[in-house]
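Please read the structure below before turning to the comments.
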Amino acid sequence: GNSVTQMEGPVTLSEEAFLTINCTYTATGYPSLFWYVQYPGEGLQLLLKATKADDKGSNKGFEATYRKETTSFHLEKGSVQVSDSAVYFCALTEDYKLSFGAGTTVTVRA
Amino acid sequence: SAVISQKPSRDICQRGTSLTIQCQVDSQVTMMFWYRQQPGQSLTLIATANQGSEATYESGFVIDKFPISRPNLTFSTLTVSNMSPEDSSIYLCSVWRGGETQYFGPGTRLLVL
(Lines give C-alpha, C1' and ligand atoms only; values in the text may rest on other atoms or scores of the structure.)
Protein backbone atom coordinates (compact mmCIF):
# COMPACT_ATOMS: atom_id res chain seq x y z
CA GLY A 1 0.00 0.00 0.00
CA ASN A 2 0.87 3.66 -0.09
CA SER A 3 2.70 5.31 2.77
CA VAL A 4 4.51 8.51 3.63
CA THR A 5 7.44 8.78 6.02
CA GLN A 6 8.16 12.21 7.32
CA MET A 7 10.99 13.63 9.37
CA GLU A 8 10.05 13.64 12.99
CA GLY A 9 9.94 16.82 14.94
CA PRO A 10 9.65 19.01 16.67
CA VAL A 11 11.93 21.38 14.84
CA THR A 12 12.92 24.68 16.43
CA LEU A 13 14.66 27.35 14.39
CA SER A 14 15.65 30.96 14.63
CA GLU A 15 14.19 33.50 12.26
CA GLU A 16 15.93 33.63 8.85
CA ALA A 17 17.30 30.10 9.29
CA PHE A 18 17.07 27.47 6.55
CA LEU A 19 14.35 24.85 6.92
CA THR A 20 14.30 21.35 5.48
CA ILE A 21 11.69 18.73 6.27
CA ASN A 22 12.38 15.33 4.77
CA CYS A 23 9.62 13.28 3.22
CA THR A 24 9.85 9.92 1.45
CA TYR A 25 7.05 7.83 0.08
CA THR A 26 6.09 4.35 -1.00
CA ALA A 27 3.53 3.95 -3.75
CA THR A 28 2.47 1.32 -6.21
CA GLY A 29 1.96 3.71 -9.10
CA TYR A 30 2.63 7.35 -9.89
CA PRO A 31 1.18 9.44 -7.11
CA SER A 32 0.79 13.17 -6.82
CA LEU A 33 2.62 14.66 -3.87
CA PHE A 34 1.57 17.44 -1.54
CA TRP A 35 2.62 19.52 1.40
CA TYR A 36 -0.15 20.75 3.67
CA VAL A 37 0.27 23.19 6.55
CA GLN A 38 -1.77 23.55 9.72
CA TYR A 39 -1.29 26.81 11.59
CA PRO A 40 -2.12 26.86 15.30
CA GLY A 41 -5.86 26.54 15.85
CA GLU A 42 -6.61 26.48 12.13
CA GLY A 43 -7.59 23.95 9.51
CA LEU A 44 -5.42 22.26 6.93
CA GLN A 45 -4.21 24.33 3.99
CA LEU A 46 -2.57 23.19 0.80
CA LEU A 47 0.93 24.63 0.68
CA LEU A 48 2.22 23.19 -2.59
CA LYS A 49 1.98 20.18 -4.83
CA ALA A 50 3.72 18.29 -7.63
CA THR A 51 2.00 15.85 -9.93
CA LYS A 52 4.85 14.16 -11.79
CA ALA A 53 8.53 13.39 -11.52
CA ASP A 54 10.91 16.37 -11.52
CA ASP A 55 8.05 18.83 -10.96
CA LYS A 56 8.82 21.53 -8.44
CA GLY A 57 6.03 22.92 -6.30
CA SER A 58 6.47 26.32 -4.72
CA ASN A 59 4.48 28.74 -2.60
CA LYS A 60 5.19 31.38 0.06
CA GLY A 61 8.94 30.83 -0.32
CA PHE A 62 8.62 27.07 0.21
CA GLU A 63 9.76 24.60 -2.44
CA ALA A 64 9.70 20.86 -2.93
CA THR A 65 10.81 18.75 -5.90
CA TYR A 66 9.26 15.42 -6.84
CA ARG A 67 12.21 12.99 -6.99
CA LYS A 68 11.11 9.66 -8.39
CA GLU A 69 14.56 8.11 -8.22
CA THR A 70 14.79 8.68 -4.48
CA THR A 71 10.99 8.60 -3.84
CA SER A 72 11.30 11.88 -1.99
CA PHE A 73 9.55 15.24 -1.74
CA HIS A 74 11.55 17.27 0.76
CA LEU A 75 10.24 20.67 1.79
CA GLU A 76 12.64 23.61 1.95
CA LYS A 77 12.57 27.29 2.76
CA GLY A 78 15.60 29.49 2.66
CA SER A 79 14.67 32.00 5.37
CA VAL A 80 11.89 31.21 7.80
CA GLN A 81 9.76 33.69 9.70
CA VAL A 82 7.94 33.43 13.00
CA SER A 83 4.71 33.21 11.00
CA ASP A 84 5.91 29.91 9.50
CA SER A 85 5.44 28.22 12.87
CA ALA A 86 2.99 25.41 12.13
CA VAL A 87 2.60 21.69 11.61
CA TYR A 88 3.61 20.52 8.15
CA PHE A 89 2.21 17.35 6.58
CA CYS A 90 3.58 15.53 3.57
CA ALA A 91 0.95 13.58 1.65
CA LEU A 92 0.41 11.57 -1.49
CA THR A 93 -2.65 10.66 -3.45
CA GLU A 94 -3.57 7.71 -5.58
CA ASP A 95 -7.14 6.82 -6.49
CA TYR A 96 -8.32 10.10 -4.96
CA LYS A 97 -7.36 9.14 -1.41
CA LEU A 98 -4.79 11.09 0.54
CA SER A 99 -2.23 9.34 2.70
CA PHE A 100 -0.52 11.61 5.19
CA GLY A 101 2.79 11.56 6.97
CA ALA A 102 2.89 11.96 10.73
CA GLY A 103 3.41 15.71 10.58
CA THR A 104 6.35 17.86 11.65
CA THR A 105 5.90 20.65 14.15
CA VAL A 106 8.04 23.67 13.31
CA THR A 107 8.59 26.51 15.75
CA VAL A 108 10.42 29.63 14.62
CA ARG A 109 11.83 31.89 17.33
CA ALA A 110 12.29 35.62 16.85
CA SER B 1 -9.56 26.43 -4.36
CA ALA B 2 -12.86 25.68 -2.64
CA VAL B 3 -14.80 27.40 0.11
CA ILE B 4 -15.82 24.79 2.66
CA SER B 5 -17.64 25.41 5.91
CA GLN B 6 -18.28 23.07 8.79
CA LYS B 7 -20.73 23.19 11.66
CA PRO B 8 -20.24 23.13 14.55
CA SER B 9 -16.71 24.48 14.80
CA ARG B 10 -16.33 22.82 18.19
CA ASP B 11 -18.40 20.98 20.74
CA ILE B 12 -18.17 19.31 24.11
CA CYS B 13 -20.32 16.22 24.42
CA GLN B 14 -21.15 13.60 27.00
CA ARG B 15 -20.24 9.99 26.43
CA GLY B 16 -22.98 7.88 24.97
CA THR B 17 -24.46 10.72 22.94
CA SER B 18 -24.18 11.43 19.20
CA LEU B 19 -23.07 14.48 17.26
CA THR B 20 -23.79 15.32 13.64
CA ILE B 21 -21.24 17.43 11.81
CA GLN B 22 -22.24 19.32 8.68
CA CYS B 23 -20.04 20.16 5.71
CA GLN B 24 -21.11 22.68 3.07
CA VAL B 25 -19.20 23.42 -0.15
CA ASP B 26 -19.54 26.53 -2.29
CA SER B 27 -20.07 24.58 -5.52
CA GLN B 28 -20.95 21.10 -6.68
CA VAL B 29 -18.39 18.36 -6.20
CA THR B 30 -18.53 14.67 -6.90
CA MET B 31 -16.36 13.41 -4.10
CA MET B 32 -16.33 14.47 -0.47
CA PHE B 33 -14.17 12.94 2.21
CA TRP B 34 -14.23 12.77 5.99
CA TYR B 35 -11.02 12.62 8.04
CA ARG B 36 -10.22 12.29 11.71
CA GLN B 37 -7.24 13.89 13.40
CA GLN B 38 -6.71 12.57 16.89
CA PRO B 39 -4.81 14.81 19.34
CA GLY B 40 -1.23 15.28 18.22
CA GLN B 41 -1.67 12.83 15.36
CA SER B 42 -1.88 12.88 11.61
CA LEU B 43 -5.05 12.65 9.57
CA THR B 44 -6.82 9.38 8.90
CA LEU B 45 -9.45 8.93 6.22
CA ILE B 46 -12.76 7.75 7.62
CA ALA B 47 -14.82 7.45 4.45
CA THR B 48 -15.52 8.74 0.97
CA ALA B 49 -19.00 10.14 0.36
CA ASN B 50 -20.45 10.19 -3.14
CA GLN B 51 -23.84 11.60 -3.90
CA GLY B 52 -26.44 8.97 -4.64
CA SER B 53 -24.59 6.03 -3.17
CA GLU B 54 -23.52 4.72 0.19
CA ALA B 55 -20.31 6.00 1.65
CA THR B 56 -17.20 3.86 1.33
CA TYR B 57 -15.50 3.30 4.68
CA GLU B 58 -11.83 2.70 5.33
CA SER B 59 -10.53 -0.17 7.38
CA GLY B 60 -11.28 0.37 11.05
CA PHE B 61 -14.33 2.58 10.50
CA VAL B 62 -17.90 1.30 10.30
CA ILE B 63 -21.20 2.79 9.26
CA ASP B 64 -22.90 2.13 12.60
CA LYS B 65 -20.35 4.30 14.37
CA PHE B 66 -19.90 6.96 11.68
CA PRO B 67 -23.03 7.18 9.52
CA ILE B 68 -22.66 9.59 6.62
CA SER B 69 -25.24 11.30 4.45
CA ARG B 70 -24.70 12.94 1.08
CA PRO B 71 -28.06 14.29 -0.01
CA ASN B 72 -26.71 16.53 -2.78
CA LEU B 73 -23.53 17.66 -4.50
CA THR B 74 -22.73 20.47 -2.06
CA PHE B 75 -23.50 18.99 1.35
CA SER B 76 -22.62 16.07 3.59
CA THR B 77 -22.98 15.11 7.23
CA LEU B 78 -20.94 12.84 9.46
CA THR B 79 -22.45 11.53 12.69
CA VAL B 80 -20.25 10.31 15.51
CA SER B 81 -22.47 7.84 17.38
CA ASN B 82 -22.42 6.58 20.94
CA MET B 83 -19.39 8.68 21.70
CA SER B 84 -16.59 7.83 24.08
CA PRO B 85 -13.58 9.93 25.13
CA GLU B 86 -11.54 8.13 22.46
CA ASP B 87 -13.65 9.94 19.85
CA SER B 88 -12.22 13.29 20.94
CA SER B 89 -10.61 14.53 17.75
CA ILE B 90 -10.77 17.09 15.00
CA TYR B 91 -13.08 15.95 12.21
CA LEU B 92 -12.45 17.45 8.80
CA CYS B 93 -14.27 17.24 5.53
CA SER B 94 -12.54 17.74 2.24
CA VAL B 95 -13.42 17.90 -1.43
CA TRP B 96 -11.64 16.87 -4.58
CA ARG B 97 -11.16 19.70 -7.00
CA GLY B 98 -8.82 21.24 -9.51
CA GLY B 99 -6.87 18.26 -10.72
CA GLU B 100 -5.85 15.88 -7.98
CA THR B 101 -6.07 18.36 -5.15
CA GLN B 102 -8.10 18.06 -1.96
CA TYR B 103 -9.20 21.14 -0.06
CA PHE B 104 -10.17 20.95 3.57
CA GLY B 105 -12.77 22.55 5.73
CA PRO B 106 -11.78 24.30 8.97
CA GLY B 107 -12.56 21.23 11.06
CA THR B 108 -14.84 20.42 13.97
CA ARG B 109 -13.09 20.10 17.32
CA LEU B 110 -14.87 17.51 19.43
CA LEU B 111 -14.23 16.82 23.09
CA VAL B 112 -16.06 13.91 24.68
CA LEU B 113 -16.27 13.83 28.47
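Below, chain A is the first sequence line, B the second, and so on; all start at residue 1. For clarity, every value in this text was computed on a predicted model and none was experimentally measured.
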Q81(A) atom CD: more than 12 heavy-atom contacts under 6.0 Å: yes
Path from L48(A) to V4(A) over hydrophobic side-chain contacts below 4.5 Å: yes
Treat each ILVMFWY residue as a node, draw an edge where side-chain heavy atoms are under 4.5 Å apart, and state whether F89(A) and V37(A) are in one component. no
Any chain of hydrophobic side-chain contacts (each under 4.5 Å) joining I21(A) to Y66(A)? yes
Inter-residue atom distance L98(A).CG - L45(B).CG, 0.5 Å rounding: 8.5 Å
Okay, L46(A) and chain B: the region with an atom under 4.5 Å from a heavy atom over there is side chain
Strictly by modelled atom types, are T48(B) and K97(A) linked by a side-chain donor-acceptor pair under 3.5 Å? no
Is a side-chain N or O of S42(B) found less than 3.5 angstrom from the main chain of G101(A), in a donor-acceptor match? yes
I'd like to know whether CD of E69(A) has more than 12 heavy-atom contacts from other residues, nucleotides or ligands below 6.0 angstrom. yes
ILVMFWY network linking F75(B) to V25(B), side-chain heavy atoms under 4.5 angstrom: no
Taking the six-membered ring for Trp, is the centroid-to-centroid distance between Y36(A) and F104(B) below 6.0 Å? yes
So, does Q102(B) use its side chain to make a donor-acceptor pair with the main chain of Y96(A) at under 3.5 Å? yes
Interchain contact, Q6(B) with chain A, by part (heavy-atom threshold 4.5 Å): neither
What part of Q6(A) gets within 4.5 angstrom of chain B, counting heavy atoms only: side chain, backbone, both, or neither? neither
Proximal component of L43(B), with respect to chain A [non-hydrogen, under 4.5 Å]: both
Is L92(B) reachable from V112(B) through a run of I, L, V, M, F, W or Y residues, each pair having side-chain heavy atoms under 4.5 Å apart? no
Atom CD in Q41(B), atom CZ in F100(A): separation rounded to 0.5 Å? 14.0 Å
